[in-house]
Amino acid sequence: MEETKIPGDDKPTRSLNFIEEIIEEDIRNGINEGRVHTRFPPEPNGYLHIGHAKSICLNFGLGKKYGGKTNLRFDDTNPVKEDVEYVDSIMEDVKWLGFDWEDRLFYASDYFEQLYEYARILISKGKAYVCDMTADEIGETRGTPTRPGTESIFRSRLVEENLDIFARMRAGEFPDGSKVLRAKIDMASPNMHMRDPVLYRILHTTHHRTGDRWCIYPMYDFAHGQSDSIERITHSICTLEFEVHRPLYDWFIREIGIYAPRQIEFARLNVTYTVMSKRKLLELVRDGNVNGWDDPRMPTICGLRRRGFTPESIRTFADTIGVAKRDNVIDVSLLEFCIREDLNRRANRLMAVLNPVKLILDNYPADLVEEMEAVNNPEDDSKGKRMMPFSKTLYIEREDFMEDPPNKFFRLAPGREVRLKAAYIICCESVVKDPGTGEITEIHCTYDPQTKSGMPESNRKVKGTLHWVSEKHAVSAEVRLYDRLFIKENPDETVEGKTYKDFLNPDSLKVVTAMIEPSVNSAREAGKFQFERNGYFSVDKDSTPQHLVFNRVVPLKDSWAKAEKVK
RNA sequence: UGACCCAUGGUGUAACGGUAGCACAAGUGAUUUUGGUUCACUCGGCCCAGGUUCGAAUCCUGGUGGGUCAACCA
């Protein structure tokens, strides 16, 4: 069949975001000979989270889109906070997300020698000086946003003396905090970052890569732009809070006289009910509020991975949220939509009863076992079918039965007919209760032998379809139900002296023992499933053949809850 | 009471001086051996006031609101 072409309809439908517009304009203007080179520059002081995923997708995406390159660079200029553990996890997470920096793995610490030379250039030009003031004194003399600062008495130090002291700082002659190298710019600038910012501080700390070779370390502002320049990055994309740093970024490049990349800022990602601060996430891990960085409740890449998110779904999410300069809070339901959409296509269905109650078919032969055929994925025929053992005694979901059902309830109730998915239509005859607690212990039904799935009679309309497992064939498994919300609302630490931890959801994790159809044993490697009518689940890394463990990735869209709300 | 940035449905994001569109969310209906999926439909928006223009979400001015900046963190 041939599709009719609508004139003008073949133009790219996706419009450009503002960064792409800048890049395309640069290309049109012949800047950098049309070259596009980006970088993802994390500091290895924590694990990557969903917010970084936006930046990763953006930077690598742009590199790919414009036939350019993207570097991975560790911004490791503060040995106090950084560690190889984080370096390793970051590389793993970027790879898992599906991006490849090829042979372009760099570290700001690779450039320490070059950066030191750049600093000497500034000193020689009279644009930098060694200052002996304490951190407090520097802070006090910096002024405030509305009041100019005052110049350091060391500002007039001679070039030769500066060069000499700077060399001795490097040689380790001075203790931590005793001296810093500062740029000589303008203590009255309305931009605080231009008020003689610190370039180098003394830190007698072992660096995770350079060891004890250095005891002076460059500050972010002095390292980042120059690192971009060394790598000949064309577009240095960062988040909005660095906007006020841009004049300084450009100042260093200009004064040193080196290749000039262009810094572009975008709004960082925020997600409702989600903590997105490295510092706070670190606290949660350190204080034991979660079981590590990869706890499935964490918004870290490894947490999402362990929970069962796919890299595709995260990339789709990043594409969908777009890029702009206004502050934003993305509704977590969009993330959930992306993973549901992906998993609906790829996850095989499985009968799993999370809260079992016994159902006995009074008219079914006691020793008979039938094999029922069930499709693995109604969205994808190629996923094939499987057989499920069916017998007299079954488990169904306790919530699928009500003695005294409300109007909109169309599952099992006394005297009502319901379909057992892929099996028979049954009718509820009676219930047995525990005389003590009054809890229902057995539901007795009769089945209609003419309604086995596939028979003509099975086409009969019944209101509800239940999932089930055979009592003697079912496999038990530990199922971890992670709630939709880990944080009850967006935490605001300024409220009534509360900390964000007061907003942690105490019910964020529930553990139950579920009964699952036996085919789970052979299909476990598949990794991800939809538990019929409950949600998408992934096999946890704690899982063993003897002890199955599942995480709930995300619940199914719950229309039953909506129906309940209406009434 | 400084500098810089931002302002489009509930949430995001388009429109580049010429019909305000898309996605999520929400609602209605149809299909369905998952109250899932799918399909159709509905709801709902240009911060305010001036100005330029035949015509402004778009350009200009002024308000208003929000954000960022005062680590020897990044």
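Keep in mind that this is a model prediction, so the values were computed, not measured.
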Using a heavy-atom cut-off of 4.0 Å across all strands, would you classify [X] as base, sugar-phosphate, or nothing?
X	result
Phe410(A)	base
Ala324(A)	sugar-phosphate
Lys325(A)	sugar-phosphate
Ser453(A)	base
Arg326(A)	base
Met133(A)	base
Val180(A)	base
Phe222(A)	nothing
Gln530(A)	base
Leu240(A)	nothing
Asp327(A)	sugar-phosphate
Ile425(A)	nothing
Gly46(A)	nothing
Glu243(A)	sugar-phosphate

Open item on the list: Quick check on RNA chain B: between Ser333(A) and His224(A), whose nearest nucleotide comes earlier from the 5' end?
Closed with: Ser333(A)
TODO: Please tell me which of His193(A) and Arg201(A) maps to the more 5' nucleotide of RNA chain B, matching each residue to the nucleotide holding its nearest heavy atom.
DONE: His193(A)
Provide, to the nearest angstrom, the distance between the [atom1] atom belonging to [X] and the [atom2] atom belonging to [N].
X	N	atom1	atom2	result
Arg268(A)	G66(B)	CZ	P	21 Å
Asp331(A)	U11(B)	CG	C1'	6 Å
Phe317(A)	U13(B)	CZ	P	11 Å
Leu248(A)	A71(B)	CG	P	15 Å
Asp558(A)	G27(B)	CG	P	12 Å

Minimum-distance nucleotide to [X] side chain [options: [options]]:
X	options	value
Asn344(A)	A14(B), U37(B), A74(B)	U37(B)
Lys461(A)	C72(B), G12(B), U32(B)	U32(B)
Ile321(A)	G12(B), C73(B), G2(B)	G12(B)

- [ ] May I ask you to establish whether Arg340(A) and Tyr536(A) are in a cation-pi arrangement, using a distance under 6.0 Å from NZ or CZ to the six-membered ring centre and at most 45° from the ring axis?
- [x] no
Open item on the list: Using a 6.0 Å distance limit plus a 45 degree cone around the ring axis, check whether Arg170(A) lies over the aromatic ring of Tyr116(A).
Closed with: yes
- [ ] May I ask you to test the Trp251(A)-Met194(A) pair for a side-chain heavy-atom distance under 4.5 Å?
- [x] yes
- [ ] Answer yes or no: is there a side-chain heavy-atom contact under 4.5 Å between Val87(A) and Glu82(A)?
- [x] no
Open item on the list: Please tell me if Arg142(A) has a side-chain N or O lying less than 4.0 Å from either OP1 or OP2 of A70(B).
Closed with: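 It does not, given that no N or O in the side chain of Arg142(A) lies less than 4.0 Å from OP1 or OP2 of A70(B).
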Open item on the list: What I want to check is whether an N or O donor and acceptor connect the side chain of Thr146(A) with the base of U1(B) at under 3.5 Å.
Closed with: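 In this structure, the two groups form no donor-acceptor pair.
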Task: Arg39(A)-Ser236(A) side chain donor-acceptor pair, cut-off 3.5 Å - done: yes
Task: Smallest separation among heavy atoms of Pro389(A) and Trp468(A), with atom names - done: O-CZ3, 3.3 Å
